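See below for the structure under consideration.
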Amino acid sequence: QMKNLGEHLLDLSRIERGVVELRRESLDLEQFVAELVLIQQPEAEKKNLNLTLEKSFESLLISADAGRINQVITNLISNAISYTPTGGSIFVRLMRGAGEESAYAIIEVADTGIGIPAEYLPHIFQPFYQATYNMSGVGLGLSISKEIIDLHGGTIQVESEVGKGTC
């Protein structure tokens, strides 16, 4: 855990100083996310969780840093697994949005977990912030994820209701 903390702190520091260069490549988003869901499947199965991928398209090519997007999606799925009680469900949804100039991807990770109280939501992407303290982690995953999404020109947001889950 100390090694992870060190790596997360270095990541956050590099991003905040603007020294992280994205290595963009063309990615088939459906295939890319399907592989990440498959990798996380054993962890979900350990808790008897239903982890499914739902998509509204077969193929959508995006220009992104695969390693960094992997980091974001893996963090979101891992959080969903951690905060969803045994027997719950996690849905990874892929959709295509339409902007004024071009299409864009929407990736949702939704769970039927414990949820986050409304008063914590405005702070959820701040470094070291944790809405609950009964789980492992250092509180950097969501802040790093936000920075990575910002670097890609995207947005990340959260919706949650206590006892019903988080998206």
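Everything numeric in this text was worked out from a predicted model, so none of it was measured.
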task: Please lay out, stage by stage, how Ile69 and Ile149 fare under the test side-chain contact (heavy atoms from CB on, under 4.5 Å).
output: CA-CA 8 Å; Ile69 295 300; Ile149 295 301; 4.2 Å; yes

message: Side chains of Leu142 and Lys146, heavy atoms from C-beta outward: is any pair under 4.5 Å?
response: no

query: Is there side-chain contact between Gln41 and Val37, with at least one heavy-atom pair below 4.5 Å?
result: yes

message: Between Leu151 and Arg68, is there a side-chain heavy-atom distance shorter than 4.5 Å?
response: no

- request: Output the distance between atom CD1 (Ile106) and atom CG (Leu94), rounded to the nearest 0.5 Å.
  value: 10.0 Å

task: In sequence, state the C-alpha distance, the side-chain angles, and the governing distance for Gln40 and Thr74, and then conclude on side-chain contact (heavy atoms from CB on, under 4.5 Å).
output: CA-CA 8 Å; Gln40 293 293 323; Thr74 298; 3.5 Å; yes

message: With clusters defined by side-chain heavy atoms of hydrophobic residues (ILVMFWY) lying less than 4.5 Å apart, directly or transitively, does Tyr104 cluster with Val72?
response: no

field: Side-chain heavy atoms of Thr166 within contact of Val158, under 4.5 Å
entry: yes

statement: Rounding to 0.5 Å, atoms CG (Asn48) and OG (Ser89) come to a distance of 9.5 Å

- prompt: Which distance, rounded to the nearest 0.5 Å, do you find between the CD1 of Ile156 and the CD of Glu147?
  reply: 11.0 Å

message: Let me confirm one number: the CD-CZ distance from Gln157 to Phe125, rounded to the nearest 0.5 Å.
response: 8.0 Å

- prompt: Got Glu108 and Met95 here, is their nearest side-chain heavy-atom distance under 4.5 Å?
  reply: yes

- request: Determine whether more than 12 heavy atoms belonging to other residues, nucleotides or ligands lie under 6.0 Å from atom CD of Glu159.
  value: no

- prompt: Under a single-linkage definition using a 4.5 Å side-chain heavy-atom cutoff for Ile, Leu, Val, Met, Phe, Trp and Tyr, are Leu53 and Ile62 assigned to the same hydrophobic cluster?
  reply: yes

task: Any chance you could measure Ser145, atom OG, to Asn79, atom CG, to the nearest 0.5 Å?
output: 7.5 Å

field: Residue pair Asn70 / Phe32, side-chain heavy-atom distance below 4.5 Å
entry: yes

- prompt: Is there a donor-acceptor pair under 3.5 Å between the side chain of Asp65 and the backbone N or O of Arg23?
  reply: yes

- prompt: Any idea which heavy atoms bring Gly113 and Pro85 closest together, and the distance?
  reply: CA-CD, 3.7 Å

Val33 and Ile73: CA distance, side-chain angles, deciding distance, side-chain contact (heavy atoms from CB on, under 4.5 Å) verdict: CA-CA 8 Å; Val33 174; Ile73 296 169; 3.8 Å; yes

- request: Report the C-alpha distance between Val162 and Ile114 in whole Å, list the side-chain angles of each, state the deciding distance to 0.1 Å, and finish with yes or no for side-chain contact (heavy atoms from CB on, under 4.5 Å).
  value: CA-CA 6 Å; Val162 173; Ile114 62 174; over 6 Å; no

- prompt: For the side chain of Ser63 and the backbone of Arg24, is there at least one donor-acceptor N/O pair under 3.5 Å apart?
  reply: no

- prompt: For Glu119 and Pro122, which heavy atoms make the closest approach, and how far apart are they?
  reply: O-CD, 3.6 Å

Donor-acceptor under 3.5 Å (Lys47 side chain, Ile81 main chain): yes

task: Enter the distance from Ser143:OG to Asn75:CG here, rounded to the nearest 0.5 Å.
output: 9.0 Å

Close side-chain approach of Arg93 to Ile107, heavy-atom, < 4.5 Å: no

message: If we ignore hydrogens and angles and just use 3.5 Å, is the side chain of Thr84 paired with the main-chain N or O of Asp111 as donor and acceptor?
response: no

- line: Nearest heavy-atom approach of Leu29 to Ala105 is CD2-CB, 3.4 Å

task: Please report the closest heavy-atom contact between Ala44 and Leu51, naming both atoms and the distance.
output: CB-CB, 3.9 Å

